[in-house]
A.B. asks: 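Mind having a look at this structure? Questions to follow.
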Amino acid sequence: MWSIKDKLSTRLMNICIASLCKAKQLEKAESVIVDGIRIGVQPDVVTYNTVIAAYCRVVGIDAGYSILHRMKEAGINPDVITYNSLIAGATRYCMLSRCLDLFDEMLEMSILPDIWSYNTLMHCFFKLRKPDEAYRVFQDIILKDISLHPATFNILMNGLCKNGYTENALMLFRSLKRHGFTPQLVTYNILIHGLCKSGRGKTAKEFLNELVEAGHIPNAITYTTVMKCCFRCRQFEEGLKIFAEMRRKGYTYDAFAYCTVASMLLKTGRMNEANEYLGYIITNGFDLDTVSFNNIINLYYKEGQLDNAYKLLYEAEKKGLKSDKYTHTILIDGLCRTGNFKEAQQHLDCMSMMGFDSNLVALNSFINGLCKAGHLDHALQMFESMDAKDSFTYSTIVHGLCKAGRFRAASKLLLSCVRDGMRILKSNKRVVISGLRSSGFSHEARKVQSKIRLAKILHY
DNA sequence: CTAGGGTTAG
């Protein structure tokens, strides 16, 4: 029989482990468990659940599984929270089959899934762009009469927005409100973001007002979302005004908003201002994550400050941050811009070796770099070898061909693009047609023009 | 355990 004192010690240990896990000090947490066992404090289900959740979050799902294994060996039965942590881990890495296996395993062990098991499964389906299946999970929740959590609606609404069903999310929101549901700030933020992304900035602004009227105070996320929306609609000054307000109200406590602004300034060629904010990010000592590093590295590359870019890459590595596909794409783009095609190629090979599947953007960058440097044949060779191409790929090559005076080849490509229903650039079309005309193919220029017009009608 | 930021053409 355990005494009250033992239970108290276990609880104390759990509190200690929870704070270590929160600080991502997993090794220390483990050593606390080992030390505890040595002095007679037994870990319980809460102890293991805490560690499993942390391992899933910080290391990966397999690390979580191995703790589960140890837990079972120690004779402690997992509960619904254990499984929820594992399901959340699987969802983080988009491992749907693992999620479903875990669900089965739960049922086998007669552990009843709760609302969070379902919420997470629904989220997983949405993340994998399977909205129908996700919605089926929601119906299942209703059918099984499991009481909903406010987050259930948030996950549902976010999933709908992210999968292109913003209209449905909006309808859901309105009908929920009619049924007396009070939306949280998160709910508003989700909806505003969805509306902004689908080009309905005006409705988004209305919801911003509604949110305030409902008694919520907009937070940093609300501000960043609305600001980004302004930038998307090319209302740069309006967006910068929001940013200024954010700073005044003290909502710029991380690099998030600064990165959004710096990136916009970079894209619109306002280098001096971009640099100003960049400097601010650096000197202010924000705790930078991978995305922020990517932002800054990109800026350095565009400025031609390669030394600074490398220094920062090194710093990110030293911090233990993992580079992602954006980092590598930025790097490849930077290498191409500075004419280091050999290194860029090496890095491209490196990327596929590291298991990055979609490197279309990097390839487009490469082709663009080759065209700009006048290596059109190399670019064409690369173009032919690509199995996936998008409008960027085509417009780059079309532009490259025009630059080399090969207008007939360019027009052929442009037409194949149009036939596939791909969006083409106005400037691209203009250059091809005027090129054909000036090189004596005015008949062909007219033909291209009418074919484009026809294709547009057909695809409409 | 849900919400915000980052890559390519002109």
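Because the structure is predicted, anything quoted here is derived from the model rather than measured. Letters A, B, ... are given to chains in the order of the sequence lines, protein chains preceding strands, and every chain is numbered from 1.
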A.B. asks: Is it true that A:Arg174 and A:Glu210 have a side-chain N and a carboxylate O under 4.0 angstrom from each other?
C.D. replies: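 So A:Arg174 does not pair with A:Glu210 through a salt bridge.
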A.B. asks: Determine whether a donor-acceptor pair (one donor, one acceptor, N or O, separation below 3.5 Å) exists between the side chain of A:Asp289 and the base of B:dG5.
C.D. replies: yes
A.B. asks: If you look at every strand shown and take non-hydrogen atoms under 4.0 Å, does A:Thr260 touch a base, only sugar-phosphate, or nothing?
C.D. replies: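 A:Thr260: backbone/sugar contact only, no base atoms under 4.0 Å.
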A.B. asks: Checking all strands, does A:Lys429 fall into the base, sugar-phosphate, or nothing category for heavy-atom contacts under 4.0 angstrom?
C.D. replies: nothing
A.B. asks: So how far is it from A:Cys124 SG to A:Arg92 CZ, rounded to the nearest 0.5 Å?
C.D. replies: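 Reported value, rounded in 0.5 Å steps: 11.5 Å.
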A.B. asks: Between A:Asp333 and A:Arg337, does any side-chain N to carboxylate O distance fall below 4.0 Å?
C.D. replies: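 Salt bridge between A:Asp333 and A:Arg337, a charged N being under 4.0 Å from a carboxylate O: yes.
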A.B. asks: Looking at the rings of A:Phe103 and A:Tyr118, which for Trp means the six-membered one, are their centres under 6.0 Å apart?
C.D. replies: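 Yes, they do, as the ring centres are separated by less than 6.0 Å.
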A.B. asks: Calculate the interatomic distance between A:Ile297 atom CD1 and B:dG5 atom C1'; express it in whole Å.
C.D. replies: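 Between C1' of B:dG5 and CD1 of A:Ile297: 15 Å.
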A.B. asks: Check whether any side-chain N or O of A:Lys162 sits under 4.0 Å from OP1 or OP2 of B:dT2, and answer yes or no.
C.D. replies: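 Answer is no, no contact under 4.0 Å.
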A.B. asks: Taking atom types as they are modelled, would you say the side chain of A:Asn219 forms a donor-acceptor pair with the base of B:dA3 within the 3.5 Å cutoff?
C.D. replies: yes
A.B. asks: What nucleic acid atoms does A:Asn428 come within less than 4.0 Å of, heavy atoms only: base, sugar-phosphate, or nothing?
C.D. replies: nothing
A.B. asks: Measure the distance from CE on A:Met382 to P on B:dT8 and round it to the nearest whole Å.
C.D. replies: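 In whole Å, B:dT8 P and A:Met382 CE are 17 Å from each other.
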A.B. asks: Tell me if the side-chain of A:Thr396 makes a donor-acceptor pair with the base of B:dG10, cut-off 3.5 Å, by modelled atom types.
C.D. replies: no
A.B. asks: Does A:Phe392 lie flat on the base of B:dT8, that is, centres under 5.5 Å apart and planes under 30° off?
C.D. replies: yes
A.B. asks: Return the value, rounded to whole Å, for the distance between atom CD1 of A:Ile192 and atom C1' of B:dA3.
C.D. replies: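 It is 10 Å, rounded to the nearest whole Å.
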A.B. asks: A:Lys228 near the nucleic acid: base, sugar-phosphate alone, or nothing, with a heavy-atom cut-off under 4.0 Å?
C.D. replies: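 The answer is sugar-phosphate, as A:Lys228 gets under 4.0 Å only of primed atoms, P, OP1 or OP2.
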A.B. asks: At 4.0 Å (heavy atoms only), tell me whether A:Asp324 reaches a base, stays on the sugar-phosphate, or touches nothing.
C.D. replies: base
A.B. asks: With the side chain counted from C-beta on, respond yes when A:His328 and A:Met354 share a heavy-atom pair under 4.5 Å apart, and no when they do not.
C.D. replies: yes
A.B. asks: Checking all strands, does A:Ser292 fall into the base, sugar-phosphate, or nothing category for heavy-atom contacts under 4.0 angstrom?
C.D. replies: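 A:Ser292: base contact, heavy atoms under 4.0 Å.
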A.B. asks: Any base atoms under 4.0 Å from A:Ala362, or only sugar-phosphate, or nothing? Heavy atoms, all strands.
C.D. replies: nothing
A.B. asks: In this structure, how many angstroms lie between the P atom of B:dT7 and the CG atom of A:Asp390, rounded?
C.D. replies: 15 Å
A.B. asks: Carefully, step by step, assess A:Arg270 and A:Glu276 under the rule salt bridge (charged side-chain N to carboxylate O under 4.0 Å, His left out).
C.D. replies: CA-CA 10 Å; A:Arg270 293 160 72 164; A:Glu276 195 186 307; over 6 Å; no
A.B. asks: With sequence neighbours excluded, what pairs up with A:Val58 under the side-chain contact (heavy atoms from CB on, under 4.5 Å) test?
C.D. replies: A:Lys24, A:Leu26
A.B. asks: With a centroid cutoff of 5.5 Å and a plane-angle limit of 30°, would you call A:Tyr223 stacked on B:dG4?
C.D. replies: no
A.B. asks: Choosing from B:dT8, B:dT2, B:dG5, which nucleotide comes nearest the side chain of A:Asn364?
C.D. replies: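 Between B:dT8, B:dT2, B:dG5, the one nearest the side chain of A:Asn364 would be B:dT8.
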A.B. asks: Using whole Å, report how far CD1 of A:Ile367 lies from C1' of B:dA9.
C.D. replies: 11 Å
A.B. asks: Answer with base, sugar-phosphate or nothing: what part of the nucleic acid does A:Leu425 contact at a heavy-atom distance below 4.0 Å?
C.D. replies: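 Base, at least one base atom sits under 4.0 Å.
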A.B. asks: Counting side-chain heavy atoms from C-beta on, which of B:dT7, B:dG5, B:dT2 comes nearest to A:Ile155?
C.D. replies: B:dT2
A.B. asks: Base, sugar-phosphate alone, or nothing: which one does A:Asn119 contact when heavy atoms must sit under 4.0 Å apart?
C.D. replies: nothing
A.B. asks: List in chain and number order the residues that pass side-chain hydrogen bond (donor to acceptor under 3.5 Å, both in side chains) with A:Asn219, two or more places apart in sequence or in another chain; answer none if no residue qualifies.
C.D. replies: A:Asn189, A:Thr222
A.B. asks: Mind checking A:Arg92 for me? I need base, sugar-phosphate or nothing, with any heavy atom below 4.0 Å counting as a touch.
C.D. replies: sugar-phosphate
A.B. asks: Just to confirm, is there a sub-4.0 Å distance from OP1 or OP2 of B:dT7 to any side-chain nitrogen or oxygen of A:Ser263?
C.D. replies: yes
A.B. asks: What does A:Arg337 touch in the nucleic acid at a heavy-atom separation under 4.0 angstrom: a base, only the sugar-phosphate, or nothing?
C.D. replies: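 A:Arg337: backbone/sugar contact only, no base atoms under 4.0 Å.
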A.B. asks: CD1 of A:Ile330 versus P of B:dG5: gap in Å, rounded?
C.D. replies: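 One finds 15 Å between P of B:dG5 and CD1 of A:Ile330, rounded.
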A.B. asks: Respond yes when some side-chain nitrogen or oxygen of A:His193 is under 4.0 Å from OP1 or OP2 of B:dG4, and no when none is.
C.D. replies: yes
A.B. asks: Kindly indicate whether the side chain of A:Ser395 and the base of B:dA9 share any N or O donor-acceptor pair separated by less than 3.5 Å?
C.D. replies: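 Flag set: donor-acceptor pair detected.
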A.B. asks: Is it the case that the base of B:dG4 and the side chain of A:Thr225 share a donor-acceptor contact (distance under 3.5 Å, atom types as modelled)?
C.D. replies: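 No, the side chain and the base share no sub-3.5 Å donor-acceptor pair.
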A.B. asks: Taking only side-chain N and O atoms of A:His399, does any of them lie within less than 4.0 angstrom of OP1 or OP2 on B:dA9?
C.D. replies: no
A.B. asks: Taking the side chain of A:Lys302 as its heavy atoms from C-beta onward, which of B:dT2, B:dG5, B:dT8 lies nearest to it?
C.D. replies: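 Minimum distance to the A:Lys302 side chain belongs to B:dT8.
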A.B. asks: Nearest whole Å is fine: how far is B:dT7 C1' from A:Asn368 CG?
C.D. replies: 12 Å
A.B. asks: B:dC1 P sits how many Å from A:Leu185 CG, rounded?
C.D. replies: 21 Å
A.B. asks: If you go through the side-chain atoms of A:Thr329, does one of them form a donor-acceptor pair with the base of B:dT7 closer than 3.5 Å?
C.D. replies: yes
